[in-house]
Amino acid sequence: MKDLKSTIPFVLHPFQEQNFTRYLELGGTLARSARGLQITYALRGSVDEILLPPAEAAPCRRDELWQASCFEFFVGDSGSPHYWEVNLAPSGDWNVYAFSGYRQGMQEEGSIIALPCSQRRQPTSYQLALDFPLARLIAPGQPIEVAVSVILQGHNGERAFYALTHCGPKPDFHLRESFLLRL
């Protein structure tokens with residue numbers, strides 16, 4: 001796309017190392033265009049230790065995707081407490097929630113009715129990419145702040161929480177001080 005601004009690479013860090021994530025690296029890239037936000041997650045290493053269900057033929061909007069492996073990002077307009085949470089499951093299921101402030105006023109974002117993402121699986125890597133229609137939520141050119149996070153579930157049921165940074169005593173991706181990427 002010609003209108004892409006520079007791509008920002010990111011690296012995600014575990015809140016607490018789990019045995020099943022010991023040999024994993026997690027990162028990706030983020031870029032903004034006039035139409036939206038392009039995000040790619042890249043998981044490298046012992047991918048077979050992670051529960052990554054296959055893509056469904058007809059993915060749909062679902063709640064509580066964070067109870068299993070889930071790729072997430074949070075976006076807010078600078079200077080406002082309002083923000084959105086985007087959840088993407090490896091199955092292709094998704095959801096977008098709007099918040100009026102820190103964990104307040106949560107409701108499904110009605111302007112987003114589908115969120116197709118692409119995936120690529122290999123023995124030692126997994127990639128998930130999304131073109132998010134940001135312009136439906138925030139005017140082009142309006143400065144934004146983004147937090148990127150991932151929850152990984154191992155075959156033993158344990159979950160690992162990854163983020164750009166962890167600002168609290170427990171994993172909490174909603175903390176606005178963790179919205180480190182500015183575009």
Side-chain angles (χ1 to χ4, degrees), residues 5 8 10-16 26-41 51 53 56 58-118 128-153 159-183:
K5 292 185 178 178
I8 301 172
F10 60 82
V11 175
L12 301 180
H13 307 281
F15 180 77
Q16 181 178 357
L26 187 51
T29 59
L30 183 68
R32 187 174 183 183
S33 70
R35 290 186 349 212
L37 199 59
Q38 292 73 42
I39 188 164
T40 301
Y41 296 88
L51 282 175
E56 295 179 10
C60 61
R61 176 175 244 155
R62 292 196 192 277
D63 288 322
E64 298 189 10
L65 294 174
W66 56 82
Q67 296 295 332
S69 293
C70 183
F71 296 77
E72 304 181 348
F73 65 92
F74 297 75
V75 62
D77 37 353
S78 294
S80 169
H82 188 259
Y83 66 96
W84 292 267
E85 174 183 355
V86 179
N87 298 156
L88 302 164
S91 64
D93 291 338
W94 62 277
N95 214 329
V96 179
Y97 302 98
F99 291 84
S100 58
Y102 174 73
R103 295 187 176 271
Q104 296 176 344
M106 178 179 158
Q107 60 184 349
E108 285 186 352
E109 175 55 58
S111 69
I112 310 291
I113 57 172
L115 208 53
C117 61
S118 64
L128 185 141
L130 171 71
D131 282 336
F132 182 71
L134 183 65
R136 292 184 187 169
L137 307 176
I138 298 174
Q142 170 70 27
I144 61 170
E145 301 168 343
V146 180
V148 182
S149 54
V150 173
I151 299 167
L152 297 175
Q153 184 177 26
R159 292 185 298 159
F161 301 88
Y162 282 75
L164 296 168
T165 187
H166 296 280
C167 298
K170 62 182 183 173
D172 186 351
F173 304 145
H174 291 258
L175 292 170
R176 197 58 183 255
E177 55 265 32
S178 67
F179 288 42
L180 296 180
L181 303 177
R182 289 168 172 66
L183 297 140

Could you grab the distance from atom [atom1] of [X] to atom [atom2] of [Y], nearest 0.5 Å is fine?
X    : Y    : atom1 : atom2 : answer
D77  : I138 : CG    : CD1   : 4.5 Å
F132 : L37  : CZ    : CG    : 7.5 Å
C70  : L128 : SG    : CG    : 9.5 Å
S149 : F74  : OG    : CZ    : 4.5 Å
I144 : S80  : CD1   : OG    : 13.0 Å
S33  : Q38  : OG    : CD    : 4.0 Å

My understanding is that only residues two or more places apart in sequence, or in another chain, count here; which of them pass salt bridge (Lys or Arg N to Asp or Glu O under 4.0 Å) with D63?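 In terms of salt bridge (Lys or Arg N to Asp or Glu O under 4.0 Å), with neighbours along the sequence ignored, D63 is linked to no residue.
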
Do you know which two heavy atoms are closest between V148 and L12, and how far apart they sit?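 Looking at all heavy atoms of both residues, the closest pair is O-CD2, 3.4 Å.
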
Evaluate the side chain to side chain contact (heavy atoms under 4.5 Å, CB included) criterion for residues Q67 and R159: first the C-alpha distance (whole Å), next the side-chain angles of each, then the deciding distance (0.1 Å), finally the verdict. CA-CA 8 Å; Q67 296 295 332; R159 292 185 298 159; 4.1 Å; yes

Any chance you could lay out the salt bridge (charged side-chain N to carboxylate O under 4.0 Å, His left out) test for E109 and R136, step after step, and finish with the verdict? CA-CA 10 Å; E109 175 55 58; R136 292 184 187 169; over 6 Å; no

Indicate yes or no for a side-chain donor-acceptor contact from H13 to the backbone of A163 under 3.5 Å, with no hydrogens or angles considered.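 Absent.
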
Quick check: does any side chain N or O of R103 sit under 3.5 Å from a backbone N or O of G101, one acting as donor and the other as acceptor? no

Considering residues at least two apart in sequence or located in another chain, which fulfil the ring pair (Phe, Tyr, Trp, His ring centres under 6.0 Å) criterion with Y83?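 Residues passing ring pair (Phe, Tyr, Trp, His ring centres under 6.0 Å) with Y83: F99, H174, F179.
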
Side chains of L137 and S111: closer than 4.5 Å at any heavy-atom pair? yes

In terms of relative ring orientation, are F10 and Y41 parallel, tilted or perpendicular, with 30° and 60° separating the classes? perpendicular

Under 3.5 Å side-chain donor-acceptor pair for W66 and E72: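 Note: W66 and E72 side chains miss the donor-acceptor criterion.
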
Apply the side chain to side chain contact (heavy atoms under 4.5 Å, CB included) test between V86 and each candidate in L134, V146, V96; give the one that qualifies.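 Per the side chain to side chain contact (heavy atoms under 4.5 Å, CB included) rule, the option paired with V86 is V96, out of L134, V146, V96.
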
